[in-house]
Amino acid sequence: MVDLTHREDIEVHRAPQDVYRLVSDIARTGEWSPICTGCRWDDEAGPRLGAWFTGRNETSERVWETRSQVVAADPGVEFAWLVGEGYVRWGFLLAPTPTGTRLTQTWEFRPAGIAMFHQRFGADAQTQIDQRAAQAHAGIPASLAAIKRITESEVSEPAAPRGDDAQIG
């Protein structure tokens with residue numbers, strides 16, 4: 001049996017607000033996710049607490065869509081969502097570092113998801129759960145590496161000078 005929670009982090013050489021802007025732009029998820037090929041806001045609300053979005057997922061075996069609800073939307077700090085009726089929680093935590101941002105991706109297969117899989121798959125439920133967990137464990141480091149590459153290559157607005165950075169004219 002595979003662990004039903006997972007988290008990994010990576011150092012991104014950009015400000016937390018820049019990283020947040022990317023990870024909360026769910027329409028771009030297909031650029032970094034190995035399975036989710038894209039998402040769209042259900043109500044055009046954007047990344048705000050309570051907003052719903054639909055994601056399209058593809059593997060070599062199947063294609064499916066899920067609906068998710070944003071459960072954390074704190075710019076520069078955290079962006080997270082629950083899939084379905086609380087089946088899985090995915091999220092990103094952001095913490096400033098001296099060189100940018102410590103980006104942590106989190107994943108938790110929740111009791112509601114386990115119950116739903118047992119109801120849906122019966123005797124094959126544990127195999128299905130283990131497969132989804134293995135995909136998350138493998139997908140998170142791939143996603144983080146892609147997010148780092150994308151974020152560090154994009155141009156952002158320059159930061160406002162701090163007192164010690166300001167030039168005296």
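Note: R149 CZ to E31 CD = 8.5 Å, rounded to the nearest 0.5 Å. Of the inter-residue distances, the one linking K148 atom NZ with E152 atom CD reads 3.5 Å to the nearest 0.5 angstrom. Taken from CD in Q105 to CD1 in I140, the straight-line distance is 4.5 Å, to the nearest 0.5 Å. Note that CD1 of I35 is 13.0 Å distant from OG1 of T29, once rounded to the nearest 0.5 Å. The line from NE2 of H137 to CG of D3 is 5.0 Å long, rounded to the nearest 0.5 Å. One finds the OG1 atom of T101 at 12.0 Å from the CG atom of L93 (value rounded to the nearest 0.5 Å).
A donor-acceptor contact under 3.5 angstrom links the side chains of E8 and H6, judged on distance only. No hydrogens or angles considered: nothing links the side chains of R21 and Q17 as a donor-acceptor pair under 3.5 Å.
Note on I10 and L22: same hydrophobic cluster, where clusters join Ile, Leu, Val, Met, Phe, Trp and Tyr whose side-chain heavy atoms are under 4.5 Å apart, directly or indirectly. By the rule that hydrophobic residues join a cluster once side-chain heavy atoms approach within less than 4.5 Å of another member, L49 and W81 end up as members of separate clusters.
The minimum heavy-atom distance between I150 and S153, with the atom names listed, is O-OG, 3.0 Å. Counting all heavy atoms, side chain and backbone alike, G139 lies closest to P34 at CA-CG, 3.7 Å. Heavy atoms only, all atoms of each residue included: G86 and R110 are closest at O-CB, 3.4 Å. The two atoms that bring L94 and G76 nearest to each other are CB-O, 3.5 Å, heavy atoms only. For the residue pair A51 and G46, the shortest heavy atom distance occurs at CB-O, 3.4 Å. The minimum heavy-atom distance between W52 and Q69, with the atom names listed, is NE1-NE2, 3.2 Å.
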Given D124 and F117, is the side chain to side chain contact (heavy atoms under 4.5 Å, CB included) satisfied, shown in steps? CA-CA 9 Å; D124 194 39; F117 267 58; over 6 Å; no
Evaluate side chain to side chain contact (heavy atoms under 4.5 Å, CB included) for T127 paired with I129, printing each intermediate quantity in order. CA-CA 5 Å; T127 299; I129 291 167; over 6 Å; no
Yes or no on side chain to side chain contact (heavy atoms under 4.5 Å, CB included) for T151 and Y20, after CA distance, side-chain angles and deciding distance? CA-CA 10 Å; T151 306; Y20 182 87; over 6 Å; no
Should I114 and L4 be marked as a side chain to side chain contact (heavy atoms under 4.5 Å, CB included) after you check the CA-CA gap, both sets of side-chain angles, and the distance that decides it? CA-CA 10 Å; I114 294 167; L4 298 180; 3.5 Å; yes
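Using a cut-off of 4.0 Å between Lys/Arg side-chain N and Asp/Glu carboxylate O, E154 and R28 are scored as salt-bridged.
Other residues, nucleotides and ligands contribute at most 12 non-hydrogen atoms within 6.0 Å of the CZ atom of R120. Shown here is R7, whose CZ atom has no more than 12 heavy atoms of other residues, nucleotides or ligands within 6.0 Å. Shown here is Q128, whose CD atom has more than 12 heavy atoms of other residues, nucleotides or ligands within 6.0 Å.
Counting only residues at least two apart or on different chains, the ring-ring contact (aromatic ring centres under 6.0 Å, His included) pairs with a member in residues 24-44 are W41-F53. A salt bridge (Lys or Arg N to Asp or Glu O under 4.0 Å) check over residues 64-79, counting only residues at least two apart or in different chains, returns the pairs R40-E65, D42-R67, E78-R89.
Within the 4.5 Å cutoff, side-chain heavy atoms of V88 are placed close to those of W90. Using a 4.5 Å cut-off on side-chain heavy atoms (C-beta onward), L144 and L103 make contact. With contacts defined as side-chain heavy-atom distances shorter than 4.5 Å, the pair V70/F79 qualifies. Side-chain atoms of T104 and F92, non-hydrogen and from C-beta on, never get closer than 4.5 Å to each other.
Ring orientation note: the planes of W107 and F109 are nearly perpendicular, at an angle over 60° on the 30°/60° scale.
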